[in-house]
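For reference, the structure discussed in these notes is given below.
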Amino acid sequence: MRRLAIYGGRPLQGELKVQGAKNAALPILAATLLTDEDCEIANCPDLTDVHAAIEILQSLGARVSYDGSTARISPSGIRHCEICEELTLKMRSSIMFLGPMLRRCSTASIGYPGGCALGERPINLHIQALKRLGVEIAEDEFGIRAKIQKFQPRILTLAFPSVGATENIMMFCAVSQGETLIYHPAREPEIVDLQNFLNAMGADIQGAGGDVIHIRGVAKLHGARYVVMPDRIAAATYACGVVACGGDILLKNAVAGHLPVFLDCLRNMGAEVIYEPDSIGIRMHGRPFAVGHIRTEPYPGFPTDIQPLMMAATLKARGTTAFTETIFENRLCHVNEFLKMGAEIETENCTAVVRGVSNLSGTTVHASDLRGGAALAIAALSACGRSDIEGLCYIERGYEKFVPSLRALGGDVEEV
Ligand code: EPZ
C-alpha cells in the first residue's frame, strides 16, 4: 500500500492555490448527461473520484477528454444507462448518476453504492423522492432498476437534508414538466454550484443554499462551459495544518464565505484570519487554544468533513475540546491513530474528548477514509520525528497533488 513519510515539527509557510471542489465537480459531471451538446467543466480537480466519474460517463457512451484540469464531455454518443457494480463500487457517490440517467433514458440501473469507512451510507431518501416523482424502482441483491412511470411534479420534504438526494432531485426535475419544490434541502455551497451549472445549461432553478429549492422544469438543456467552485474542505485542511504547526500561509482561490463557522473556530483558537474576496490568509503563533465543544451539523453548521481535520488541530491545544459527530455513524476511526502518536482522547458513542498535550511523537499510522487520512497528515506535521501514513490512496480520492501542496507550504513530506 502506498504511503507518506512526514517529518514533523516545523511551522508551515507559503502560498497555495486551492483545488476545485470535488463535491461540486462530481454532481456537475453527472449533470452533463442531461444534454446532447458538448460541455466543458474547468477547475475540475485531478482526483481518483473524478477519474471514476469520467470512467462512468465513458462507460455509458459519452466521449470525455480530461487534461487534469478541464473535462470536455460530448454526451451525444450515450446509448444506454446502466452502471455496472464494479464501477458503482469504485465510487460511492455514483448514486448521483441515477437521476440524470433516468431523465436521459427513462430507465436506469445501477449497482448498490455500498458502504464505506464512514458507515452504511443508505440511499432511502433518494429512492423515496424518486418514487414520489413517478419513478418505479425495483431493488435486488445486484442493485437498483428504475423506470419513469409517469412523471409527477411534487412538493417534496426531505426527512434529512441529504446532499446527494437533493442533487439527484434537482438533476431529475431540471428537465421535466411542471414545478417541483424541495423543502428542507441540503444547503451546502456545492448545491448552489450545481444549481448555477444547471441554469447555465438553460434550467430554471432558484433557491439553492436556502430552505426551499424551486425547480421549474424545462423541455431541454443545452451544453455549457462552467468553472467549478473552490474546494472549501481542502482549504480547511491546509488551514488546520497551519493552526496545528504554527506559521503563516495564504490560500488562493478560497472563499471565506463558504466556511463561516469554521473560520470563527480558528479565531477562537488564537489564529489570525485575513481574507480577501478570493483568498484566505491564516497566521498562528504559539499553541492554539482548545475550542470547547464542536458538534457537526448539516450546512451552515460545522461540516462533518472538517471534523477529523479540526480534531488534528486540537491535539496539542491548550485545554479540552469535545467533538460530537452527528452526520455519519462511524467517523471517528482517526482517533485510534491519533492515540498512537501520544494524543489524549476519550470516546463515548459519537463523541470524542481531546485533552491537548504538549507533544506528539511520529509513528506509523493507517488511513481508512479520505478526510481521516488528511487529518493524520496534519497531526504528523505537528509531531516530533518521522511518521509513516499508510493508505495514500484514500487521501488521493479527495486531494489533488497532496504531497506537492504540503511541500509548497513548507511541509517535509514524501511518498515512499
Ligand atoms: C456528501 O455525501 C459528500 N460527498 C460527503 O463528502 C459529505 O460528508 C456529505 O455530503 C455530508 O456533507 C459528496 O458530495 C460526493 P448525505 P452524501 O446524503 O451525499 C444519511 C467527503 O469527504 N443518508 O448528505 O452521501 C447518510 O447515511 C465526502 O468529501 C440517509 O440516511 O451525504 C449520512 O448519515 C464524505 N439516507 C447523512 O444522511 C439517504 O438516502 C448525510 O448523507 C442519504 C443519506
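Order of listing sets the numbers, starting from 1, for every ligand and every atom in it. Hydrogens, waters and symmetry mates are skipped; everything else that's a heavy atom, side chains included, is used. Note that the structure is predicted; figures quoted are calculated from it, not measured. The residues of the chain are indexed from 1 along the displayed sequence.
Contact annotation for T304 and ligand 1: only side-chain heavy atoms (C-beta onward) come within less than 4.0 Å of the ligand. Contacts between K22 and ligand 1, counted as non-hydrogen atom pairs separated by less than 4.0 Å, involve the side chain only. Contacts between L370 and ligand 1 below 4.0 angstrom, taking non-hydrogen atoms only, involve the side chain exclusively. Contacts with ligand 1 closer than 4.0 Å are made by no heavy atom of Q307, backbone or side chain.
Counting heavy atoms from C-beta on, the side chains of K340 and H366 come closer than 4.5 Å.
Distances shorter than 4.0 angstrom do not occur between any heavy atom of E325 and any atom of ligand 1.
In this structure, a donor-acceptor pair under 3.5 Å is absent between the side chains of E297 and T326. Between the side chains of D204 and H214, no donor-acceptor pair is found at a separation under 3.5 Å. T296 and E325 form a side-chain donor-acceptor contact under 3.5 Å, judged by distance and modelled atom types alone. Judged by distance alone, the side chains of Y399 and S405 never bring a donor and an acceptor atom under 3.5 Å apart.
Atom numbering of ligand 1 starts at 1 in the shown order; those under 4.0 Å from a heavy atom of F160 are 37 (C), 38 (O), 41 (C). Applying the 4.0 Å criterion to heavy atoms of S93 picks out, from ligand 1, the atoms 15 (C). Close approach of ligand 1 to F328 (heavy-atom distance below 4.0 Å) involves ligand atoms 8 (O), 33 (C), 34 (O). Residue H126 approaches ligand 1 through these ligand atoms, each under 4.0 Å from one of its heavy atoms: 40 (O). Close approach to R371 involves these atoms of ligand 1, each under 4.0 Å from a residue heavy atom: 21 (C), 22 (O), 29 (O). Close contacts between ligand 1 and G164 involve ligand atoms 18 (O), 19 (O) [criterion: under 4.0 Å to a heavy atom]. Here is the list of ligand 1 atoms found below 4.0 Å of a heavy atom in L118: 35 (C).
Ring pair F302/F262 is perpendicular by interplanar angle, where above 60° counts as perpendicular and below 30° as parallel. Taking the six-membered ring where the residue is Trp, F338 and H334 present perpendicular rings, their angle passing 60° and hence far from 30°.
Salt-bridge formation is not detected for the pair D38/R63: no Lys NZ or Arg NE/NH1/NH2 atom is positioned less than 4.0 Å from an Asp or Glu carboxylate oxygen. For the pair D140 and R145, the salt-bridge criterion is met [side-chain N within less than 4.0 Å of a carboxylate O].
Comparing N330, I327, D369, T296 against atom 34 (O) of ligand 1, the shortest heavy-atom distance belongs to I327. Here the shortest heavy-atom distance to atom 17 (P) of ligand 1, taken over R121, Q128, R397, belongs to R121. With L194, L47, N23 as candidates, the residue nearest to atom 13 (C) of ligand 1 on a non-hydrogen basis is N23.
Closest to atom 18 (O) of ligand 1, if we only count protein heavy atoms, is S162 OG, 2.7 Å. Here the protein heavy atom with the shortest distance to atom 44 (C) of ligand 1 is P122 O, 3.8 Å. Here the protein heavy atom with the shortest distance to atom 40 (O) of ligand 1 is L125 N, 2.7 Å. Among all non-hydrogen protein atoms, the one lying nearest atom 36 (N) of ligand 1 is N124 OD1, 2.7 Å. Atom 16 (P) of ligand 1 has its closest protein heavy atom at V163 N, 3.7 Å.
Under a 3.5 Å cut-off, the side chain of H184 and the backbone N or O of L158 do form a donor-acceptor pair. Checking side-chain atoms of T35 against main-chain N and O of L221 turns up a donor-acceptor pair under 3.5 Å. The closest donor-acceptor contact from the side chain of D231 to the backbone of K22 lies under 3.5 Å. The backbone N or O of G68 lies less than 3.5 Å from a partner atom in the side chain of Y66, making a donor-acceptor pair. Distance alone, capped at 3.5 Å, is enough to place a donor-acceptor pair between the Q307 side chain and the R331 backbone.
Taking only nitrogen or oxygen atoms, main chain and side chain alike, D305 reaches within less than 3.5 Å of ligand 1. Not a single N or O atom of L26, backbone or side chain, sits closer than 3.5 Å to an N or O atom of ligand 1.
Using a 4.0 Å threshold on non-hydrogen atoms, atom 20 (C) of ligand 1 does not count as touching the protein.
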